[in-house]
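Numbering starts at 1 and runs along the sequence shown.
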Amino acid sequence: YAAGNYEGKSWDVAFEIEQRAARPAVLWPLIQNEVYTDPHHQLSPETARRLFAPDNVLRGSISSFETYFQCPYAYFLKSGLRLSKGSLTSVDAAITGTIQHALLEQSIQTWGKDYARISDPYFRQLNDLFPDQQAEIDQIQRRMQLNLKQLLESLAGMEENTSFKPAHQEFRFEEDLIESNGILVRLKGIIDRIDICFNDLRILDYKSSAKTLSESKVKAGLQLQLLTYLIIAVRKLRLNPAGAYYCSLKNETINVSEASLNGRRMEIEDV
């Protein structure tokens with residue numbers, strides 16, 4: 001009989017069974033009741049080359065290499081097998097982020113340093129693409145317009161107090177890093193915005209949510225994008241680095257507890 005249950009408690013045989021047995025009951029010398037193996041999967045060099053570098057060039061963005069540092073298996077699924085979430089069926093955060101990126105890019109190209117005076121974005125294309133989600137799209141539009149209004153007010157204040165001017169938007173680059181075992185590692189990416197003042201430059205990286213730079217994550221290879229973009233921009237444009245910044249395009253939701261309101265009821269007023 002088993003020496004214990006799954007909770008780690010010992011079991012003793014009943015006294016009556018021990019008396020009826022021809023000989024005293026003896027515990028089985030069991031080490032474990034299940035055979036468990038942890039297989040180690042590894043790609044052969046030939047398979048890895050065919051998946052990631054068929055022409056002996058390993059191409060990838062900084063975010064894809066960060067994925068490898070975080071989880072090699074996730075990198076294998078995304079960059080090796082190229083699995084995706086499927087076709088576009090609804091409005092998500094990626095779509096709204098793309099709209100805001102495009103809006104800022106086009107406004108800077110049109111008005112330069114005065115881009116903060118742009119009007120509200122248009123959502124007609126989304127209504128045509130998702131006719132069954134017009135109510136949700138209207139809500140997204142109202143919230144995005146409020147977010148952009150507050151963002152542009154903040155950026156307008158920044159532009160009034162700096163000598164930097166937008167010089168490049170959606171700056172695309174490719175940079176060869178290292179070569180090992182006949183494989184060339186080539187980094188590619190897009191820098192959202194580069195500002196220039198005399199011989200100095202700074203970069204702005206638009207984000208759909210609030211994000212801060214973490215020293216520990218940088219040292220662990222988990223947050224390399226912002227600083228790498230700055231290094232690439234300095235190398236490509238031959239200017240001096242002045243700074244690298246995240247620019248959040250979203251107002252974070254603030255949770256207010258009932259206790260902080262001292263039990264008072266709040267009336268919602270539409271303004």
Side-chain angles (χ1 to χ4, degrees), residues 61-67 91-123 126 140-173 175 187-218 222-237 239-254:
S61 62
I62 300 175
S63 59
S64 67
F65 293 146
E66 289 178 350
T67 301
V91 180
D92 56 9
I95 293 180
T96 55
T98 301
I99 294 175
Q100 295 178 94
H101 274 72
L103 183 66
L104 289 173
E105 177 189 0
Q106 295 174 11
S107 61
I108 291 175
Q109 291 177 352
T110 304
W111 290 289
K113 196 174 174 66
D114 295 328
Y115 66 92
R117 297 183 302 179
I118 62 174
S119 60
D120 296 332
Y122 297 98
F123 277 70
L126 280 182
I140 294 175
Q141 180 179 0
R142 288 193 297 269
R143 182 165 184 174
M144 182 183 294
Q145 288 172 338
L146 176 61
N147 290 346
L148 286 173
K149 179 181 178 181
Q150 296 176 352
L151 171 65
L152 293 175
E153 288 176 353
S154 176
L155 291 176
M158 179 193 72
E159 298 295 351
E160 291 176 357
N161 294 278
T162 182
S163 298
F164 281 92
K165 295 182 180 180
H168 301 278
Q169 298 83 42
E170 300 292 315
F171 184 84
R172 298 178 181 271
F173 68 87
E175 186 81 6
L187 180 67
K188 63 178 182 178
I190 303 175
I191 303 176
D192 290 335
R193 173 176 163 181
I194 301 177
D195 295 349
I196 294 179
C197 177
F198 297 107
N199 294 323
D200 299 330
L201 66 80
R202 69 180 182 186
I203 66 170
L204 271 70
D205 189 20
Y206 299 135
K207 293 298 180 184
S208 300
S209 59
K211 192 171 185 179
T212 57
L213 197 62
S214 169
E215 181 180 358
S216 60
K217 290 184 178 180
V218 171
L222 302 178
Q223 196 174 8
L224 303 176
Q225 187 179 54
L226 187 64
L227 298 181
T228 304
Y229 280 176
L230 180 61
I231 294 173
I232 295 295
V234 169
R235 186 177 303 174
K236 294 289 186 182
L237 301 178
L239 297 173
N240 301 319
Y245 306 92
Y246 288 123
C247 180
S248 175
L249 304 179
K250 177 184 177 182
N251 287 340
E252 295 298 315
T253 301
I254 301 176

For this session: For I191 and A233, work out which heavy atoms get closest and say how close.
Result: CD1-CB, 4.1 Å
Seminar exercise, completed: CE (M158) and CZ (F164) are apart, to the nearest 0.5 Å, by 10.5 Å
Problem set entry | Check ion pair E170-R193 (N to O, under 4.0 angstrom) | no
For this session: Compare all side-chain heavy atoms of L204 with those of R202 and state whether any distance is below 4.5 angstrom.
Result: yes
Exercise. Between L213 and Y246, is any pair of side-chain heavy atoms under 4.5 Å apart?
Worked result: yes
Problem set entry | Minimal non-hydrogen separation, D195 against P166, with atom names | OD1-CA, 3.2 Å
For this session: Salt-bridge test for D205 and K207: reply yes if a basic N is under 4.0 Å from a carboxylate O, no otherwise.
Result: yes
For this session: For the residue pair L201 and L237, establish whether any side-chain heavy-atom pair is separated by less than 4.5 Å.
Result: yes
Problem set entry | Polar side-chain atom of D200 near backbone of A242 as donor-acceptor pair, under 3.5 Å | no
Problem set entry | Between CD1 on residue I62 and CD on residue E175, distance to nearest 0.5 Å | 10.5 Å
For this session: Go through the structure and list residues passing side-chain hydrogen bond (donor to acceptor under 3.5 Å, both in side chains) with K211, not counting sequence neighbours.
Result: none
Exercise. Roughly how far, to the nearest 0.5 Å, is the CD atom of Q223 from the OG atom of S63?
Worked result: 12.5 Å
Problem set entry | S154 backbone acceptor or donor facing E159 side chain under 3.5 Å | no
Exercise. Which heavy-atom pair separates F65 from L187 by the least distance, and what is that distance?
Worked result: CE1-CD1, 3.8 Å
Exercise. How long is the span from the CD1 atom in I190 to the OH atom in Y229, to the nearest 0.5 Å?
Worked result: 7.5 Å
Exercise. Taking atom OG of S61 and atom CD of E66, what is their separation to the nearest 0.5 Å?
Worked result: 8.5 Å
Problem set entry | Separation between CG of L155 and SG of C247, rounded to the nearest 0.5 Å | 5.0 Å
For this session: Among I194, V234, I232, find the residue that satisfies the side chain to side chain contact (heavy atoms under 4.5 Å, CB included) test when tested with I203.
Result: I194
